[in-house]
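In what follows, chains carry the letters A, B, and so on, assigned in the order in which the sequence lines appear, proteins first and then strands, with residues in each chain numbered from 1.
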Protein chains: 2
Amino acid sequence: MAITVLANAGIWKLPAGRHAGIEAYPESTGHPGADGARRNGRRLSFFRDQEIYGEGEDATCIYRVEAGVVRTCKFLRDGRRQIDAFHSFGGVFGFQSGMKYRTGAAAACDCIVTTYRRLNLESLAASGDRLSLQLFALAMDDIAQAQEHALSLGRRSAVEKVASFLLGHAAGAACGGFVKLAMTRQDIADYLGLTIETVSRMFSQLERRSFIELKGVHLVRMCDTTALRVLCG
Amino acid sequence: MAITVLANAGIWKLPAGRHAGIEAYPESTGHPGADGARRNGRRLSFFRDQEIYGEGEDATCIYRVEAGVVRTCKFLRDGRRQIDAFHSFGGVFGFQSGMKYRTGAAAACDCIVTTYRRLNLESLAASGDRLSLQLFALAMDDIAQAQEHALSLGRRSAVEKVASFLLGHAAGAACGGFVKLAMTRQDIADYLGLTIETVSRMFSQLERRSFIELKGVHLVRMCDTTALRVLCG
DNA sequence: CGAAGCGTTGACGCGGATCAAAGGCAGTGG
DNA sequence: CCACTGCCTTTGATCCGCGTCAACGCTTCG
């Protein structure tokens, strides 16, 4: 997978603090327009916890995830954090109607994203390009996700939150039935409106009940998807 | 205001159970296309708690609120309810990327909405009409709202939730500094992921602290907006 | 080896849910 | 006009799920 390649490639091992928004494929920027489908797309890579853009910054770009997982989130003044969404391969984030980003975005694990200038996209949309409908559909999928997320945040108990999170976010690269959770417990907690301790306890509980099986910290196997689905209501 | 007119007009006093989706202005439907701006818009009126569409139904229409307040919400199998959003004058709801509504919609108080057939809108968007950008902007505003909502649901305490709700949803028709809350305590509770008892207690607490003043059940005055904003973080 | 991060587990306390009862307020009928 | 009814809201008492605090285990890195 691209992400492990990324993590292993020596070229990425830059000194700490000096690797913000590196161009992944600088050579490709020499051929603007060469790839029509990408329209001024530009690849950047980020290490875990690196900020991609900050809450309140000028919203100049829209991003697509090529590898890894990105989280978008908001903060309260006292530091409490709410993760709004996780974006993985193919996911698009950075939509804004105003001039400023209303959420910040950061790498939940090492990842690669493509940037698109916002103005181009909007004029594209206005021109009636097919892409316009696709963008619209993406935005709407975001809305549907947000609605499901609100249901979890507002009305599900801790176990139910974790169960629905697993069903919704562990769809991905399986190996031996095990699925990789790219994000940390802290990220999961801040996504579900819980604490790391509670998330950890719920994982343990689900494993004790044989609904899931854990291998290490980031590999999960859903043993009883039906039971998990029942839990979610 | 249109809504009180609606509530008072004798024509609306139909026998219970027989008033689903009445056309508000049947005569106008005789002139399709007469009003270009409305593009097959059709006005319907609903009483409080009447369903506009159900979760899982075919998503045939998009709606705009002309008067009153509409809530969109999801349910868990055991009846727990999460209100996703309140839509008031000018608000548009019913966006879907798939074929089915992922949330239900109902009147939070007596209200009037205009319906638009979905296909027309989408072809409109594809044609590059100016409306397409407006719709896009509306969808994005929805996303921003959902993000703010998630922050409340996941990371704010009960008082903070109510304070931010007031700041966000009581902007509207003021009379003598008092603002009308169109929705019931139950709706507020299901929006904020609380119970009615807690919502009620928090209102009382905010009044005791002189942050707000209540007149009856549906009129609020923000005495200390600054304090409320501080509460929200 | 020690140190730093991250995750797990246990003990305890608090915020908000739950249960219960009583207080407005509008609509209805006498 | 008032009594009555039903619905919504408020308030109080109690309970419990999850947060908080603390200790410990595991993994990675120097």
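- By the 4.5 Å heavy-atom criterion applied to side chains, A/L231 and A/F211 are counted as neighbours.
- A donor and an acceptor atom, one from each side chain of B/D141 and B/Q145, are nowhere located under 3.5 Å apart.
- Residue contacts shown for A/L194 are limited to sugar-phosphate atoms, with no base heavy atom under 4.0 Å away.
- Residue B/T195 places no side-chain N or O under 4.0 Å from the OP1 or OP2 atom of C/dG16.
- Taking atom CD1 of B/I196 as the reference point, atom P of C/dG16 lies 17 Å away to the nearest angstrom.
- Between the side chain of A/R155 and the backbone N or O of B/I83, no donor-acceptor pair lies under 3.5 Å.
- Nucleotide C/dG24 holds its P atom 18 Å from the CG atom of B/L219, rounded to whole Å.
- Between the C1' atom of C/dG5 and the CG atom of A/D187 lies a distance of 14 Å, rounded to the nearest Å.
- Whole-Å rounding puts the B/M183 CE to D/dT9 P distance at 12 Å.
- Which of D/dT11, D/dT9, D/dG19 sits closest to the side chain of B/S204 comes down to D/dT11.
- With no hydrogens or angles considered, no side-chain donor-acceptor pair links B/H87 and B/Y63 at under 3.5 Å.
- The side chain of A/E197 lies closest to D/dA22 when the candidates are D/dA22, C/dG16, D/dG19.
- In this structure, A/G193 reaches the sugar-phosphate backbone alone: every heavy-atom distance under 4.0 Å involves primed, P, OP1 or OP2 atoms, never a base.
- A close approach under 4.0 Å does occur between a side-chain nitrogen or oxygen of A/R48 and OP1 or OP2 of C/dC6.
- Whole-Å rounding puts the A/R81 CZ to D/dG19 C1' distance at 17 Å.
- For the pair B/R42 and B/Y116, the cation-pi criterion (under 6.0 Å, within 45° of the ring axis) is not fulfilled.
- Separating the NZ atom of B/K215 from the P atom of C/dG24 is a distance of 18 Å, rounded to the nearest angstrom.
- Within 4.0 Å (heavy atoms only), B/S200 reaches at least one base atom of the nucleic acid.
- Side-chain N/O atoms of B/R201 and base N/O atoms of D/dG12 include a donor-acceptor pair closer than 3.5 Å.
- Phosphate proximity of C/dC6 to A/T184: absent, as no side-chain N or O sits under 4.0 Å from OP1 or OP2.
- When rounded to the nearest whole Å, the span between CZ of A/R80 and C1' of C/dG15 equals 13 Å.
- Atom CG in A/L192 sits about 15 Å away from atom C1' in D/dG19, given to the nearest Å.
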